[in-house]
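Note that this is a predicted model, so its numbers are computed, not measured.
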Amino acid sequence: MLDLHGISRSQTITSAQLKAIAGAGARADLVAAIVRGWPTAVAKANLTTRLRAAHFLAQIMTETGGLQILEESGGYRAARILEIFGVGHHSAAVTEAEARRIAALPVTQRGPVLFNRVYGVGNPRKMREFNNTGPNDGWLYRGGGMMQATGKSNYAAMSKKTGLPLVEHPELLHQPDSAFVAAYLEWAQGGRCNAAADRDDVVAVRKIINGGANGLAECRVYLTRAKKALVDYAPAPAGDVDLDRADEVAADAPLAMDPPAAAPNVQPLDPDARGDAVLYDVQRRLKARRYSPGVLDGRWGSGTSGALSGFVNDRGLALVLPSSVDEFHGIADQVRAELARAETEIQPDGSIGWFRPVSAARAGADPKIVTQLAPEVVPARRNFLVALWSSIAAGAGAVWQTVSDSVTRAWDFFTDHRDVVDDHPGLVSTVWEHVTALPSGVWLLLGAGGLAFIAYNSWRAIKTSTLAVTTGERQ
């Protein structure tokens, strides 16, 4: 039995804390695995301080996309392949032509071809480093687990630490409990991670875990959240040992190897969500990336289907597009993981967040493109011009009428001969007297104001439609 003495109530973790760090997309089964295994992780990996726990969780969140994925999919678009594995970025030195060829492959072939090329026999350096000598080892031993162990050699090392047959069954590293065990044992390696965490050196920790600086920006975000969520996390004071919690976990307790009974992506995400909560979350996030799903109602429809199709294609995801909400749940985890990456992706200009790509002509509001994609702009522009000039004319007329002596004399003549018209006392007559008492300039000014309001609304409609086209939201 593992000695859990010294693990206190102040060193436990809750699902609420994990969700606050990971974000709304955290899978329930991954959250539960961490909560369940945390006491053992504290003891095994010496996660006894707030800094250590925060840095450890920040790395897990970065590698899993906010507790959403446990394995590399390989369904990347050409630009992403070049960014990670291209010349000057990785020993695989994938060329632009190779990246385009791989990205053009069918969904079922893309991942295996890519990873065998960059981690296996297609890259002699990594093949030797990872001992990926089998023809399909690059794919079988791709990044997996909460710390994304990569390569047969690392799977073998992790197998010795965990006692799991990871070389024979690498898929075990894609299951929540075993993935968490592997994560905290990886963290415990020689105390290097804890030493860097004690210095609050996120760059050093990232290099130990990742081998470089990939995902550093996202990691900083998660680290900030973790420090805030774990504000009460502290070393165990004397007499504060949580024996009730400690007794629940033992070192030799069997790991749960079976997948969760329920789909991991059906937990409520937003108290204001309508319809299907997961679909509502994806609709909202797609719209923020400028893929308009229409009404945000958590229901499957043509608008959502089109928006999801555009996002999947633009991001190069290896997914079969669903035709119903039930089929959508089969790919929801992957879609939300990619949305999380898009939301934190650093752009060439230094900004954070990826948006729907558009052509230069579209971004420059080319009139032909705007008219083609938003035909309502044509009548709106016509209404704007007519209302604008009419408003100007009416305003000018009001000024003229106010200062014109001839109009004043004509008005006086009319008012002096009111007795020609039969007078019918009553409400209508009284109102009419007040109306006729107003100078014509006032009526012209009111008309000018109404026309100006119409012109303003038309202008706003033009701007809204044009913006939707230039950003790519309008297709």
Side-chain angles (χ1 to χ4, degrees), residues 22-27 29-30 60-85 99 102-111 114-115 142-146 148 174 210 214-215 217-219 221-222 263-267 269-270 276-293 296 300 304-322 325 327-347 351-358 472-473:
R27 281 171 42 178
D29 57 337
L30 301 190
I60 284 180
M61 301 301 171
T62 303
E63 296 295 328
T64 61
L67 294 182
Q68 296 186 76
I69 57 173
L70 286 181
E71 59 183 293
E72 286 185 280
S73 70
Y76 304 135
R77 54 196 174 109
R80 184 63 173 164
I81 293 174
L82 288 173
E83 181 183 348
I84 302 175
F85 304 111
I102 294 172
L105 290 172
V107 170
T108 56
Q109 298 178 22
R110 197 177 308 170
L114 174 62
F115 291 133
R142 64 194 182 279
M146 292 189 183
Q148 291 289 292
H174 305 158
N210 178 259
N214 286 335
E218 297 94 319
C219 190
V221 173
Y222 287 126
N265 55 54
V266 297
Q267 74 275 17
L269 302 174
D270 186 336
D276 184 277
V278 176
L279 183 58
Y280 175 84
D281 175 65
V282 169
Q283 287 177 332
R284 177 180 56 81
R285 295 165 72 182
L286 281 172
K287 185 175 179 62
R289 298 302 104 199
R290 296 170 184 164
Y291 293 86
S292 178
L296 303 182
W300 186 261
T304 300
S305 177
L308 182 59
S309 175
F311 179 75
V312 166
N313 289 334
D314 288 342
R315 295 293 289 183
L317 297 181
L319 298 175
V320 177
L321 291 172
V325 68
E327 291 182 8
F328 161 76
H329 275 283
I331 66 168
D333 288 338
Q334 296 96 313
V335 171
R336 288 161 62 198
E338 190 63 29
L339 280 167
R341 281 190 286 270
E343 290 160 354
T344 57
E345 195 172 279
I346 300 177
Q347 303 306 300
S351 62
I352 298 178
W354 177 92
F355 295 93
R356 186 173 204 158
V358 296
E473 185 174 344

Checklist entry - Looking only at heavy atoms, what is the nearest atom pair of G310 and Y291, with distance? => result C-CE2, 3.3 Å
Checklist outcome for this item: With sequence neighbours left out, the residues meeting ring pair (Phe, Tyr, Trp, His ring centres under 6.0 Å) with Y76 are none
Item to check | Straight-line distance of L279 CG to W300 CH2, nearest 0.5 Å | outcome: 7.0 Å
Next on the checklist: What's the separation between atom OG1 in T64 and atom CG in L70, rounded to the nearest 0.5 Å?
Outcome noted: 7.0 Å
Item to check | With sequence neighbours excluded, residues passing side chain to side chain donor-acceptor pair (under 3.5 Å) with R80 | outcome: E83
Checklist entry - Where do V320 and I331 land on the side-chain contact (heavy atoms from CB on, under 4.5 Å) test, with the steps shown first? => result CA-CA 8 Å; V320 177; I331 66 168; 5.9 Å; no
Next on the checklist: K287 vs L296, test: side-chain contact (heavy atoms from CB on, under 4.5 Å). Steps then yes/no.
Outcome noted: CA-CA 9 Å; K287 185 175 179 62; L296 303 182; 4.2 Å; yes
Checklist entry - Do side-chain atoms of S309 reach the backbone of S305 as a donor and acceptor pair under 3.5 angstrom? => result no
Checklist entry - What closest approach, in Å, do T62 and Y222 show between heavy atoms, and which atom pair accounts for it? => result OG1-CD1, 3.6 Å
Checklist entry - Can you name the nearest heavy-atom pair linking A99 to L82, along with the distance? => result CB-CG, 3.7 Å
Item to check | All side chain to side chain donor-acceptor pair (under 3.5 Å) counterparts of E63, not counting sequence neighbours | outcome: R206
Checklist entry - Can you tell me how far CD of E338 sits from CG of D314, rounded to the nearest 0.5 angstrom? => result 11.0 Å
Item to check | Closest non-hydrogen atom pair, A340 against G65 | outcome: CB-O, 3.9 Å
Next on the checklist: Restricting to side chain to side chain contact (heavy atoms under 4.5 Å, CB included), what partner residues turn up for V312, sequence neighbours left out?
Outcome noted: L308, L317, L319, L321
Item to check | Check: F355 main-chain N/O paired with R290 side-chain donor or acceptor under 3.5 Å | outcome: no
Checklist entry - Partners of A22 by side chain to side chain contact (heavy atoms under 4.5 Å, CB included), sequence neighbours excluded? => result A26, M61, L67
Checklist entry - Just by distance, do the side chain of Q68 and the backbone of A337 share a donor-acceptor pair under 3.5 Å? => result yes
Item to check | Residues that E218 engages under salt bridge (Lys or Arg N to Asp or Glu O under 4.0 Å), provided they are two or more places apart | outcome: none
Checklist entry - Residues two or more places apart in sequence or in another chain: which of them pass side chain to side chain donor-acceptor pair (under 3.5 Å) with N210? => result none
Item to check | Non-neighbouring partners of R285 that pass side chain to side chain donor-acceptor pair (under 3.5 Å), sequence neighbours left out | outcome: D281, E343
Item to check | Minimum heavy-atom distance between F328 and P322, given as atom pair plus value | outcome: N-CB, 3.4 Å
Checklist entry - What are the two closest heavy atoms between Q283 and T304, and how far apart are they? => result NE2-OG1, 2.8 Å
Item to check | Atom pair CG/CD of L114 and Q109 - distance to nearest 0.5 Å | outcome: 13.0 Å
Checklist entry - Just by modelled atom types, is the R142 backbone N or O under 3.5 Å from a matching donor or acceptor in the E72 side chain? => result no
Checklist entry - A342: what forms a side chain to side chain contact (heavy atoms under 4.5 Å, CB included) with it, not counting sequence neighbours? => result R289, F311, R315, W354
